[in-house]
Number of protein chains: 2
Amino acid sequence: MKRTSRDIRTANRYEVLRQIIAESPTSRQELAAATGLSLATVATLVGELLDLRMITEVGFEDSAGGRPRGLVAVNSSGGALIGVDIAETYVHVELFDLGLNVLARAEEDVRPSESLPEQVVGHVATAVGSVVMQAGIEGARVLGVGVSVPGQVDRATGTSEYAPNWDWHDVPLLDLLTEHIAYPLYLDNPLRASAVAELWFGAARGRGNAVVVNLGTGVGAGLVLGGGLHRGVSNSAGEWGHTTMVLDGRLCRCGNHGCVETYVGARGIMLNLREIGPDSALLHPDDQTATIDALARGVAADDPVARRAVHETARYLGAGVADLVNLFNPEIVVLSSWVARTLGEPLLHEVREAVARHALPRPLAATQIVLSPIPTDPVCLGAATFALEGALQAVGQRNGKRTTRARSRTTAPPS
Amino acid sequence: MKRTSRDIRTANRYEVLRQIIAESPTSRQELAAATGLSLATVATLVGELLDLRMITEVGFEDSAGGRPRGLVAVNSSGGALIGVDIAETYVHVELFDLGLNVLARAEEDVRPSESLPEQVVGHVATAVGSVVMQAGIEGARVLGVGVSVPGQVDRATGTSEYAPNWDWHDVPLLDLLTEHIAYPLYLDNPLRASAVAELWFGAARGRGNAVVVNLGTGVGAGLVLGGGLHRGVSNSAGEWGHTTMVLDGRLCRCGNHGCVETYVGARGIMLNLREIGPDSALLHPDDQTATIDALARGVAADDPVARRAVHETARYLGAGVADLVNLFNPEIVVLSSWVARTLGEPLLHEVREAVARHALPRPLAATQIVLSPIPTDPVCLGAATFALEGALQAVGQRNGKRTTRARSRTTAPPS
DNA sequence: CGCACTTTATAAAGCCCCTTTCCTAACCCC
DNA sequence: GGGGTTAGGAAAGGGGCTTTATAAAGTGCG
């Protein structure tokens with residue numbers, strides 16, 4: 001937990017690269033203005049990134065009558081990053097260039113019977129092999145693989161401490177993956193992955209305080225506090241899905257009653273729909289995706305049952321988000337994951353109104369609520385971002401320290 | 001929001017002083033071990049504090065066969081700090097020495113009719129004058145006055161943006177106080193004051209992540225995240241009292257239904273009691289303090305109504321605290337403020353059980369729940385701590401900066 | 001009593017990081 | 001081709017922390 005001046009450098013390095021990725025041909029001047037750093041610092045950081053071949057000089061730009069500005073841009077061919085999104089029913093893998101553009105995709109279905117770690121790892125290995133093949137990348141250029149797995153994760157040891165959907169306990173996932181994948185691996189969970197994706201490339205860019213609300217089958221929040229990801233003491237902060245919103249309310253799979261997830265998770269939304277229109281044709285009892293899709297179409301077609309179901313869902317969600325606004329006082333709340341994307345603007349609209357009814361006026365006024373602007377899978381993107389962070393962090397490390405220095409001093413010929 | 005190496009110094013200065021206050025005759029060696037800093041750094045920081053006369057050298061301690069360790073301790077007579085706790089019905093002021101021992105106290109009652117800022121400020125001024133007089137301190141030795149006022153506060157401008165109990169809106173409280181009080185003033189709210197008190201001197205000492213739950217007439221949480229106070233974007237983070245716990249539940253004074261405060265605030269506890277024993281002799285309908293006191297005595301005497309009321313309150317509180325545990329994943333949750341102190345161990349016991357029922361196992365296992373160990377008014381102590389932080393922060397500031405330097409360059413004779 | 005050894009505290013040097021300042025490079029325009 | 005202007009790099013400077021050397025102050029033993 002000790003802060004050192006090294007951390008400042010790392011943060012600045014992140015900030016500069018983030019800025020370059022966001023606005024790709026850009027000048028050092030622009031970077032200095034955007035980051036608040038001095039020109040000299042920006043220049044050295046840009047130099048570092050050039051040395052790493054993560055960015056390249058791409059030309060010049062006229063300056064008002066003086067020497068033209070040199071432009072730098074992400075070096076798309078400077079490396080590749082892989083993001084792996086392991087979910088209950090699928091493994092989704094994307095390979096990105098350094099501009100975080102998707103170069104290749106692969107998806108594997110995970111059947112309910114395939115809940116053994118080895119089986120899941122097999123799917124991951126296959127999919128990772130597939131994207132590398134598809135992209136025609138030589139292995140050495142893959143800078144790292146970020147892996148998101150649901151539940152609680154210990155990043156230091158690379159174990160999945162607890163994955164509720166498969167009832168995994170302390171599975172040494174990283175060790176298992178290492179046997180199949182030769183690239184540097186980074187493990188975390190989808191909440192933090194999507195939060196990091198928003199922080200680097202999405203709606204939370206440049207914000208010091210943001211809450212990324214994930215609405216999927218499960219529900220949770222990724223917390224960006226004080227400019228960085230908040231992990232909590234055991235890397236499990238953000239477990240918002242099992243917050244009690246209705247004391248003695250609906251039974252949740254976690255064993256408690258009235259959890260947020262039972263009202264605004266995909267299954268919860270299905271329950272909301274059933275309560276409103278038990279016979280509604282929108283309801284596909286065994287298919288969450290189909291039901292949410294149908295609900296979205298229903299809203300678009302002005303189906304009253306669909307509208308009421310979304311309204312009701314937004315009422316719960318609004319109360320929950322208002323709690324987050326009151327507690328964290330964020331600049332922005334981002335609604336992410338597939339349920340949020342599918343229901344889109346109509347849901348957002350209702351949520352904003354519901355939040356306005358519940359939240360305290362001052363924090364509310366300081367907060368905007370938006371849909372995630374990330375067009376692809378935010379979890380894959382976030383996982384890849386973990387790999388990018390890892391690659392960037394390694395820069396700062398001194399490599400050999402005393403052993404190397406001592407050896408080089410004795411073996412190197414005096415120049 | 002930019003981090004600079006200066007911030008590291010400030011944090012280390014805090015850390016060293018905190019350690020000295022906590023364990024008063026102590027050696028540089030111990031400080032280095034406790035803070036993780038090098039001996040040299042500790043020595044310079046100790047030197048700074050000696051120069052400021054905040055600490056003094058108090059003797060020597062035998063070392064195992066070498067030069068004896070120099071001991072330093074807080075210089076109690078090196079200055080005084082004042083903490084002001086403005087609440088709905090009273091103004092409480094305490095004057096501390098630098099060891100944060102109370103040297104003098106004053107209390108003023110604020111009648112419901114006296115809701116004008118000028119009236120409240122008058123009480124504060126009187127009480128501050130009184131404690132300075134009582135302690136027989138010369139004014140120059142007062143390093144600062146920390147003021148806690150309920151509601152939302154803008155520290156930069158020193159205004160009370162919104163105080164619900166008196167319906168204040170954007171009252172320039174610091175300006176008003178400056179007319180009566182000549183010492184440096186620091187403004188914030190009770191949630192953050194008690195959190196800082198726990199962080200410096202209480203149960204959160206040395207913890208990077210802690211949640212301080214305030215149980216009084218109002219309810220809220222002070223958040224210590226990543227080693228420091230989390231303020232949010234507009235300094236209103238921690239408003240936990242108006243989190244929805246029971247959708248469509250009890251009507252709250254904030255206009256919503258089912259807020260945490262309506263179940264675990266003093267008024268909420270009175271409602272719990274009334275529901276259980278409408279005719280109970282414990283109930284003093286118009287006196288919160290008396291009722292909570294009676295409830296505590298009832299529990300001690302094994303009164304079944306009292307026990308059930310506490311049990312029921314703990315059920316609500318446990319659900320709420322479990323939410324905080326899931327969301328923040330703190331190392332420790334501290335129950336603070338007068339309701340928590342009055343109900344004490346019996347409440348704590350029930351709350352622990354209730355939290356265990358609601359929280360996720362992993363975060364729960366990482367968290368302890370305790371009562372505040374601070375014997376005096378934590379809000380006064382915390383407010384005084386703000387003043388202490390302010391006095392220490394000012395050390396780092398370069399005084400004249402460029403104007404001074406430019407002037408000295410032109411006016412100073414060449415030496 | 002004196003010398004060797006131990007431990008503490010301070011001073012010096014080194015490294016890291018950021019900024020400011022100065023100077024050269026590169027371009028425009030007249 | 002010389003000002004004027006802007007970009008970018010190199011050097012100096014300031015703040016911070018650590019490691020290393022040195023001075024200071026004891027203990028212990030011959």
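All chains are named by letter (A, B, ...) in the order of the sequence lines, taking the proteins before the strands, and each is independently numbered beginning at 1. When reading the values below, keep in mind they use all heavy atoms of this one structure, side chains included, and skip hydrogens, waters and symmetry mates.
- In this structure, A:His230 and B:Phe328 have perpendicular ring planes: the angle between them is above 60°, well past the 30° mark.
- Rounded to a whole Å, the CG atom of A:Leu71 is 15 Å from the C1' atom of C:dC27.
- Here C:dC18 presents its P atom at 18 Å from CZ of B:Arg9, a figure rounded to the nearest Å.
- If B:Arg28 and A:Leu37 are placed on DNA chain C by their nearest nucleotide, the residue sitting closer to the 5' end is B:Arg28.
- Rounded to whole Å, atom C1' of D:dG16 lies 11 Å from atom CD of B:Glu48.
- Contact annotation: A:Arg69 reaches the phosphate of D:dA7 (side-chain N/O to OP1 or OP2, under 4.0 Å).
- Listed pair B:Arg67 / C:dT6 fails the phosphate criterion, with no side-chain N or O lying under 4.0 Å from OP1 or OP2.
- Between the A:Asp188 side chain and the A:Ser148 main chain, no donor and acceptor come within less than 3.5 Å of each other.
- Under a cutoff of 6.0 Å and an axis angle of 45°, A:Arg155 and A:Phe386 form a cation-pi pair.
- To the nearest angstrom, P of D:dG16 lies 18 Å from CZ of A:Arg6.
- Atom CD in A:Glu15 sits about 17 Å away from atom C1' in C:dC17, given to the nearest Å.
- For B:Thr41, the listed nucleotide lying nearest its side chain is D:dC17; candidates were C:dT19, D:dC17, C:dC27.
- No hydrogens or angles considered: a donor-acceptor pair under 3.5 Å links the side chains of A:Arg192 and A:Asn235.
- Checking the phosphate oxygens (OP1, OP2) of D:dA7, a side-chain nitrogen or oxygen of A:Gln29 falls inside 4.0 Å.
- A sub-4.0 Å separation between OP1 or OP2 of D:dC17 and a side-chain N or O of A:Ser5 is absent.
- In this structure, the separation between CD on B:Glu198 and CG on B:Leu381 is 8.5 Å, given to the nearest 0.5 Å.
- DNA chain C is contacted by both A:Ile8 and A:Pro68; A:Ile8 maps to the nucleotide lying nearer its 5′ end (nearest heavy atom per residue).
- Distance A:Leu45 CG to C:dC17 P: 9 Å, rounded to the nearest Å.
- Looking at heavy-atom distances under 4.0 Å, A:Ala40 makes contact with a base.
- At the heavy-atom level, A:Gly47 lies nowhere under 4.0 Å from the strands shown.
- Atoms CG (A:Leu39) and C1' (C:dA25) sit 15 Å apart, rounded to a whole Å.
- Of the candidates D:dT19, D:dG9, C:dT8, D:dT19 carries the atom nearest the B:Ser38 side chain, counting heavy atoms from C-beta on.
- Between the CG atom of A:Leu31 and the P atom of C:dT19 there is a distance of 14 Å, given to the nearest Å.
- Within the 4.0 Å cut-off from OP1 or OP2 of D:dG16, not a single side-chain nitrogen or oxygen of B:Asn12 is found.
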